[in-house]
Amino acid sequence: MPTVTESSQFSMPMDTDVYRGIYEDPDELRMQTLKIKRDQLLLSETELGSGNFGTVKKGIFKTTKSEKKVAVKILKNDSNDPTVQEELMSEARVMQQLDNPYIVRMIGICEAESWILVMELAELGPLHKFLAKNRDVSEKNVTELVHQVSMGMKYLEENNFVHRDLAARNVLLVTQHYAKISDFGLSKAIQSNENYYKAKSCGKWPIKWYAPECINFLKFSSKSDVWSFGVLMWEAYSYGQKPYKGMKGMEVTAMIENGKRMECPPRCPSELFELMQLCWTYNTEERPAFSSVELRLRNYYYDIAQ
Ligand code: ATP
């Protein structure tokens, strides 16, 4: 009889069933086809989120061996905007190529009443909302989560993908001790002859998370993701506050150009505020890469964890 496995709010990454992903099981791998049949999916009414594209709901994905709780992104049926479908497909194509414990994995795609993207479930939802509601979470616990995000980003950097929408709202929690990066709607693979992606024009962009070279030259690289990661760290140690509160995008850009940066959140350790400021180095080449950001976080976390 297939079973749905349970993990508690406090489980560590390796004790959850989303650490390794389902395709490590040789039997499932043999049958791996990213196309999912509609009868393998049970959709619940529980809505996890919604957006332009449609809704994200909880569901159950049935395989021969198990039943797994999943998140399903359902494209709006009445969407007559072809770019919405293209965006979902592009998100699916990027996710299909990624396999890391700190990144939400795509399980497959199902063509049914509408297009359905099936993903691993991160039940505790977005990091900023979780921390705003749970202010008793320790600073060490926040560092543990932020370090996991840096491991996921180091993997993206090594594999030449840029995320382009890294923010606390796009970090989802599987448990209080396990974070995963999500929302690859803006992500791009970087061509081997370049180290950045050049956007053709400005879009509906999260300006407050973007590095100067994104805004000034439409250039996106792992280094511009590092800038966004600094803002994400600020959001995390502020327990879900909005960055540059009350300011307009243009005012933020002017502030950055004038060499000013956000202040240290009250509960943020000074060593980690220093790291945040390094992530906000104006010059792209001088800004650290995720390989060194991850190492600093790892050293700091394991020092305080003693
Ligand atoms: P856009 O593509 O326009 O940026 P969005 O950012 O609103 O859309 P998502 O972040 O992909 O879309 O999903 C919306 C919400 O659904 C998330 O904020 C989160 O609350 C929920 N959600 C998405 N994926 C998952 C998941 N794998 N597990 C749990 N909840 C999820």
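Counting starts at 1 for both ligands and their atoms, following the listed order.
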Q: Return the residue, atom name and 0.1 Å-rounded distance of the protein heavy atom closest to atom 1 (P) of ligand 1.
A: Asp183 OD2, 3.8 Å
Q: Closest non-hydrogen protein atom to atom 17 (C) of ligand 1, residue and atom name please, with distance?
A: Leu172 CD2, 4.6 Å
Q: Is the shortest distance from a heavy atom of Lys73 to ligand 1 less than 4.0 Å?
A: yes
Q: Counting heavy atoms only, which part of Asn170 comes closer than 4.0 Å to ligand 1: side chain, backbone, both or neither?
A: side chain
Q: Checking side-chain polar atoms at under 3.5 Å, does Glu257 have a donor or acceptor matched by the opposite partner on Tyr282?
A: yes
Q: What protein heavy atom lies closest to atom 29 (C) of ligand 1? Include the residue and the distance to one decimal.
A: Ala122 O, 3.2 Å
Q: Looking at the rings of Phe229 and Phe290, which for Trp means the six-membered one, are their centres under 6.0 Å apart?
A: yes
Q: Checking contacts now, so for atom 23 (C) of ligand 1, which I'm interested in, is there any protein heavy atom under 4.0 Å?
A: yes
Q: Can you pull out every ring-ring contact (aromatic ring centres under 6.0 Å, His included) where at least one residue sits in residues 196-223? Sequence neighbours excluded, please.
A: Trp205-Tyr210, Trp205-Phe220, Tyr210-Phe220
Q: Is there a heavy atom of Ala71 sitting under 4.0 angstrom from any atom of ligand 1?
A: yes
Q: For ligand 1, note which part of Val56 has a heavy atom under 4.0 Å away: side chain, backbone, both or neither.
A: side chain
Q: Given Glu120, which partner from the list Lys68, Lys69, Lys180 fulfils the salt bridge (Lys or Arg N to Asp or Glu O under 4.0 Å) test?
A: Lys180
Q: Does ligand 1 have a heavy atom under 4.0 Å from the side chain of Ser182, from its backbone, from both, or from neither?
A: neither
Q: Looking only at heavy atoms of Pro126, does any of them come nearer than 4.0 Å to an atom of ligand 1?
A: yes
